[in-house]
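A quick write-up on the structure given underneath.
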There are 2 protein chains.
Amino acid sequence: MDKTATRTRIQTKNRQAILDAGLAVFSQQGFRGATLDQIAKAAGLSRPNLLYYFPSKEAIHVVLLAGLLDTWLDPLRALDAGGNPVDEVLAYVRRKLELSRDFPRESRLFANEILQGAPRIGAALSGELKELVDEKAAVIRGWAAAGQIAEVDPYHLIFSIWAMTQHYADFDVQVHAVLGPERADPYPSAGAYLDTLFRSLLTPRNVT
Amino acid sequence: MDKTATRTRIQTKNRQAILDAGLAVFSQQGFRGATLDQIAKAAGLSRPNLLYYFPSKEAIHVVLLAGLLDTWLDPLRALDAGGNPVDEVLAYVRRKLELSRDFPRESRLFANEILQGAPRIGAALSGELKELVDEKAAVIRGWAAAGQIAEVDPYHLIFSIWAMTQHYADFDVQVHAVLGPERADPYPSAGAYLDTLFRSLLTPRNVT
DNA sequence: CGTTGCTTTGACCGAATGGTCAAATCAAGC
DNA sequence: GCTTGATTTGACCATTCGGTCAAAGCAACG
């Protein structure tokens, strides 16, 4: 019963083109701001043709959001309670930053959804997202209790990692406006900065 | 020639109601996603009545964005080259966080504008925003060179302050979903966390 | 080459949207 | 209470939007 089993070559190609176009448009305009014409044009199809592949605008959006949270949380899932605490967190930061660099549209799609009050993924936020964060927060708290990292609020630590890594994707225009054309790619220096930032936060000091 | 000089009491009241309603709707739906009916309803006026006070949807949006950047940058302007470096930065973080707590809709309005590619304030970003940041970045670089704070990229430092403080306004729904109902107000703990974070980053270590 | 099923399109529809306008209502000073 | 100007409204309009549908085009296979 694989949904992709009975797909023509044309079908897979056009579905992909539509999802790609939808991602581009939704991530910039939000759901309400996006129009089917914009998406159809970006996909190189006529509007009725687009609606031959997806039953509605909503359907495209749903498919896009569906896979999103999962991919987005993968780096956090990989945080290993058995590894070296500081390295684990820094590796998480690095993976998250790479995600922003490689999939900025996905990041902006997510940002739009949250800004609008998460009408379509609110349940997943207080469900699987909260569960995962609770679990990993406990791990971090454990490390702190064992003196392997400094005492920090694990929730705010995670929030700050999200905020800073996604900032480079979501506020891309602002970052480039401020840095100017000469510093076109902010990611190398951002990576170094974030590394320093979280290392200095987590590295245990001379305990009093 | 003060624009407010010839305003009736009713005018000032209704204009304010409209701007307030517009802020609420635009900050959640973005410009394209917002409708005049939503704004009119939120302002307690009929749509034609609303258009008696503002000539168009765009006009409301423009007025809202106009004052925004200025208010938003005030805390950074207050960063004093003559003060104690670490204290100055930490005070900046605190002021910025207060802005997020007290004016979350303004923060989201700004976020929406940037997400959409800053079509209306792009010029101000590479203009006055860049100028101000360049100036303050130079101040921070000076502090680092003098050994008063640790060596950090001043631009990324500023980005990280923006990202983390605004995160609590823009991603409010997500923050609350993750923290759950028992930790309703994240701001006190966020303030403490950010204080620790940036203090540990900036405090000069035993220089090698 | 003809049939069958997949794909594409032009024409169309109802609803929503931004905006206009003339007429009605209201408030305030005389 | 009457007049004048500010305010409010209902009716209306053109455009855009999401979506439908029947018919046309096309590819593949016998």
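Proteins come first, then strands; the chains are lettered A, B, ... in the order of their sequence lines, and each starts at number 1.
Within residues 54-61 of chain A, the residues that place at least one heavy atom under 4.0 Å from DNA chain D are, in residue-number order, A:Ser56, A:Lys57. Listed in residue order, the members of residues 40-49 of chain B having a heavy atom less than 4.0 Å from DNA chain D are B:Ser46, B:Pro48, B:Asn49.
Taking atom CZ on A:Arg15 and atom P on C:dT7, their separation rounds to 12 Å, with Å as the unit. Counting to the nearest Å, the P atom of D:dG18 and the CD1 atom of A:Ile39 are 8 Å from each other. The interatomic distance linking A:Ile18 (CD1) with C:dT7 (P) rounds to 11 Å, in whole Å. Taking atom CD on A:Gln38 and atom P on D:dG18, their separation rounds to 8 Å, with Å as the unit. If you measure from atom CG of A:Asp37 to atom C1' of D:dG19, you get 11 Å, rounded to the nearest angstrom.
Taking NE2 from B:His156 and CG from A:Leu197, the interatomic distance works out to 12.0 Å, rounded to the nearest 0.5 Å. Atoms CD and CG, on A:Glu88 and A:Asp80 in that order, are 5.0 Å from each other to the nearest 0.5 Å.
Recorded end-axis angle for the helix from C:dC1-D:dG30 to C:dC30-D:dG1 stands at 10°, based on five pairs per end and rounded to 10 degrees.
Looking at heavy-atom distances under 4.0 Å, B:Leu36 makes contact with sugar-phosphate atoms alone, never a base. Contact annotation for B:Ile10: backbone-only contact, meaning every heavy-atom pair under 4.0 Å involves sugar-phosphate atoms and none involves a base.
Judged by the 6.0 Å distance and 45° axis criteria, A:Arg120 is positioned over the aromatic ring of A:Phe31. A cation-pi arrangement, defined by a distance under 6.0 Å to the six-membered ring centre and an angle within 45 degrees of its axis, is absent between B:Arg32 and B:Phe26.
Side chains of A:Asp134 and A:Tyr155: a donor-acceptor N/O pair is present below 3.5 angstrom, by distance only.
Using a cut-off of 4.0 Å between Lys/Arg side-chain N and Asp/Glu carboxylate O, A:Arg47 and A:Asp37 are scored as salt-bridged. Ion pairing between a basic and an acidic side chain is recognised when a charged N comes within 4.0 Å of a carboxylate O; A:Arg77 and A:Asp70 show such pairing. Between A:Asp153 and B:Arg183 a salt bridge is recorded (basic side-chain N to carboxylate O distance below 4.0 Å). Salt-bridge formation is detected for the pair A:Asp20/A:Arg105: a Lys NZ or Arg NE/NH1/NH2 atom is positioned less than 4.0 Å from an Asp or Glu carboxylate oxygen.
For the side chain to side chain contact (heavy atoms under 4.5 Å, CB included) with A:Asp170, the lone residue among B:Leu115, B:Ile114, B:Asp170 that qualifies is B:Leu115.
Sequence order on DNA chain D of the closest nucleotides to B:Asn14 and B:Arg32 puts B:Asn14 first from the 5' end.
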Let's go through A:Val63 and A:Phe54 carefully: what are the C-alpha distance in whole Å and the side-chain angles of both, what is the deciding distance for side chain to side chain contact (heavy atoms under 4.5 Å, CB included) to 0.1 Å, and is it a yes or a no? CA-CA 10 Å; A:Val63 172; A:Phe54 288 88; 4.1 Å; yes
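Residue A:Tyr52 has no polar side-chain atom (N or O) positioned under 4.0 Å from OP1 or OP2 of C:dT8. Neither OP1 nor OP2 of D:dA6 sits under 4.0 Å from any side-chain N or O of B:Gln11.
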